[in-house]
Amino acid sequence: MKWMIRVDMEGVTGVVNMKQVIPGAVDYEFGRGMLMHDLLAVLKGLLQSPEEEVVLYDIHFFGTNVDLHQLDPRVTAICGKPHYTPDNRAYLDESFDGMILLGLHARAEMPGSLLNHNYEHDIRTMSVNGVVVGEIGLEALLAGEAGVPLVMVTADSEGAKETAALLPDTITVSVKQSLGDSAAACLPPARTASLLKEGALRCAAAAPRMKPYRLEGPIELEMQFKPGELLNRLQARLTDRFVGPDRLILRGASVLEVWEQYLIAKAE
């Protein structure tokens with residue numbers, strides 16, 4: 001089987017604050033080590049035969065967090081966060097059996113949710129055709145347009161709950177119980193390694209029964225922003241798309257098309 005794993009960092013084992021996930025910060029190496037711990041546990045569950053294939057896409061910060069030295073030869077890593085575009089289909093196609101989101105978190109402005117945000121911390125809310133989403137929902141929709149189901153999400157407890165509410169059939173593995181914006185009851189790596197491997201082992205049987213997550217087009221992406229540099233840049237570049245001082249609406253034929261509009265406009 002062939003799998004896509006989107007790798008984030010806030011929802012991995014033991015991570016509870018931004019100093020552990022920002023490259024160059026004082027505790028970043030701890031966070032990176034926990035990312036690799038969780039990733040290797042999932043890969044152990046997925047790579048059960050010589051024919052298995054995994055593509056990683058590092059979605060965290062600069063997209064350079066994965067330690068390539070530790071990867072199995074059957075794994076390819078997409079680093080540097082190249083933009084998703086309609087031409088590359090977010091690096092997904094029908095050859096993939098499923099997608100896994102590793103180390104995810106709840107969407108922004110969810111009270112009591114650990115390290116919650118929507119990609120940039122300046123994004124307050126996002127909705128697609130009226131469905132409120134965070135990173136989990138948007139990534140699921142992008143995969144769905146390529147015909148790929150979201151098979152598993154690993155996260156904190158609130159990210160797992162968000163997944164279950166949106167996509168009840170998706171496997172979830174919680175590695176920590178959220179206790180607030182920067183606190184959690186964390187399971188030790190010895191425990192989470194087992195949970196993550198067990199979840200990954202279930203993916204092969206689950207994937208054929210799952211349907212890709214899609215919304216009928218045309219697509220309308222609505223976003224609300226906090227005051228700041230990102231909002232100012234978007235107001236200057238997408239003036240006619242704003243429907244209020246901080247609310248932006250982008251329209252197109254697909255989620256990928258409207259998301260590319262946002263990525264191009266927000267680039268520095």
Asker: Hey, does Lys226 have a side-chain heavy atom less than 4.5 Å from the side chain of Ile123?
Answerer: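 Ile123 does not reach Lys226 side chain to side chain.
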Asker: Using distance alone, with no hydrogens and no angle criterion, decide if His60 and Asn65 have a side-chain donor and acceptor under 3.5 Å apart.
Answerer: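 On atom types as modelled, these side chains do not qualify, holding no pair under 3.5 Å.
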Asker: Tell me, yes or no, whether the heavy-atom count around Arg237 atom CZ, taken from other residues, nucleotides or ligands under 6.0 Å, exceeds 12.
Answerer: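 Yes - once you tally the heavy atoms of other residues, nucleotides and ligands closer than 6.0 Å, there are more than 12.
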Asker: Would Leu250 and Trp259 satisfy side-chain contact (heavy atoms from CB on, under 4.5 Å), going step by step from the backbone distance to the final call?
Answerer: CA-CA 8 Å; Leu250 298 172; Trp259 190 242; over 6 Å; no
Asker: Give the minimum heavy-atom separation between Val258 and Gly252, together with the two atoms involved.
Answerer: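 Looking at all heavy atoms of both residues, the closest pair is CG1-N, 3.2 Å.
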Asker: Less than 4.5 Å apart, any side-chain heavy atom of Met9 and any of Arg32?
Answerer: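 Contact flag for Met9/Arg32 side chains = yes.
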Asker: Just by distance, with hydrogens left out, do Asp156 and His105 show a side-chain donor and acceptor under 3.5 Å apart?
Answerer: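 Their side chains do not contain a donor-acceptor pair, so the 3.5 Å distance test is not met.
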Asker: Just to verify, which of Val55, Leu43, Val66 counts as forming a side chain to side chain contact (heavy atoms under 4.5 Å, CB included) with Val75?
Answerer: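 Testing Val75 for a side chain to side chain contact (heavy atoms under 4.5 Å, CB included) against Val55, Leu43, Val66 leaves exactly one candidate, Leu43.
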Asker: Should Tyr84 and Glu260 count as side-chain neighbours, where that means a heavy-atom distance under 4.5 Å?
Answerer: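 SC-SC contact between Tyr84 and Glu260 ruled out.
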Asker: Just by distance, no angles: are the side chains of Gln261 and Arg241 close enough, under 3.5 Å, to form a donor-acceptor pair?
Answerer: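 Looking only at side-chain atoms, Arg241 and Gln261 do form a donor-acceptor pair, the distance falling under 3.5 Å.
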Asker: So, Asp67 and Gln70: side-chain donor and acceptor under 3.5 Å apart, yes or no?
Answerer: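 Yes.
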Asker: Does the side chain of Leu114 come within less than 4.5 Å of Lys176's, by heavy atoms?
Answerer: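 In contact.
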Asker: Are the side chains of Thr170 and Tyr213 in touch, meaning some heavy atoms are under 4.5 Å apart?
Answerer: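 Heavy-atom side-chain distance check fails, nothing below 4.5 Å.
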Asker: Please indicate whether Arg214 has more than 12 foreign heavy atoms, meaning atoms of other residues, nucleotides or ligands, lying under 6.0 Å from its CZ.
Answerer: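 Yes, CZ of Arg214 has more than 12 neighbouring heavy atoms, counting only those of other groups under 6.0 Å.
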Asker: Less than 4.5 Å apart, any side-chain heavy atom of Phe225 and any of Met223?
Answerer: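 Phe225 vs Met223: side chains touch.
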Asker: Where do Ile249 and Glu222 come nearest, in terms of heavy atoms and distance?
Answerer: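 Shortest heavy-atom contact: CG1-CG, 4.0 Å.
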Asker: Could you tell me if Thr85 and Asp87 have a donor-acceptor pair between their side chains, going purely by distance under 3.5 Å?
Answerer: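 No.
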Asker: Answer yes if the side chains of Glu220 and Asn129 hold a donor-acceptor pair under 3.5 Å, and no otherwise.
Answerer: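 Asn129 and Glu220 do not have a side-chain donor-acceptor pair below 3.5 Å.
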Asker: Checking Lys81 against Phe62 for the side-chain contact (heavy atoms from CB on, under 4.5 Å) test, could you report, in this order, the C-alpha distance in whole Å, the side-chain angles of both residues, the deciding distance, and whether it holds?
Answerer: CA-CA 6 Å; Lys81 285 179 71 173; Phe62 308 118; 5.8 Å; no
Asker: Using a 4.5 Å cut-off on heavy atoms from C-beta on, say whether the side chain of Leu215 contacts that of Val131.
Answerer: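 Heavy-atom side-chain distance check passes, below 4.5 Å.
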Asker: Step by step, work out the salt bridge (charged side-chain N to carboxylate O under 4.0 Å, His left out) result for Glu94 and Arg89.
Answerer: CA-CA 10 Å; Glu94 292 81 359; Arg89 301 180 69 188; 3.1 Å; yes
Asker: Indicate yes or no: at least one non-hydrogen side-chain atom of Leu248 is less than 4.5 angstrom from one of Leu238.
Answerer: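 Leu248 vs Leu238: side chains touch.
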Asker: Measure the spacing between CD1 of Ile100 and CD1 of Ile5 and express it to the nearest 0.5 Å.
Answerer: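 Output value for this atom pair is 5.0 Å.
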Asker: Check the side chains of Asn17 and Ser182 for a donor-acceptor pair under 3.5 angstrom, ignoring hydrogens and angles.
Answerer: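 Side chains of Ser182 and Asn17: no pair found under 3.5 Å.
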Asker: Only one of Met99, Met210, Arg209 passes side chain to side chain contact (heavy atoms under 4.5 Å, CB included) with Pro149; say which it is.
Answerer: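 Single pass found, and it is Met210.
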Asker: Any donor-acceptor pair under 3.5 Å linking the side-chain atoms of Glu198 with those of Ser194?
Answerer: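 On atom types as modelled, these side chains qualify, holding a pair under 3.5 Å.
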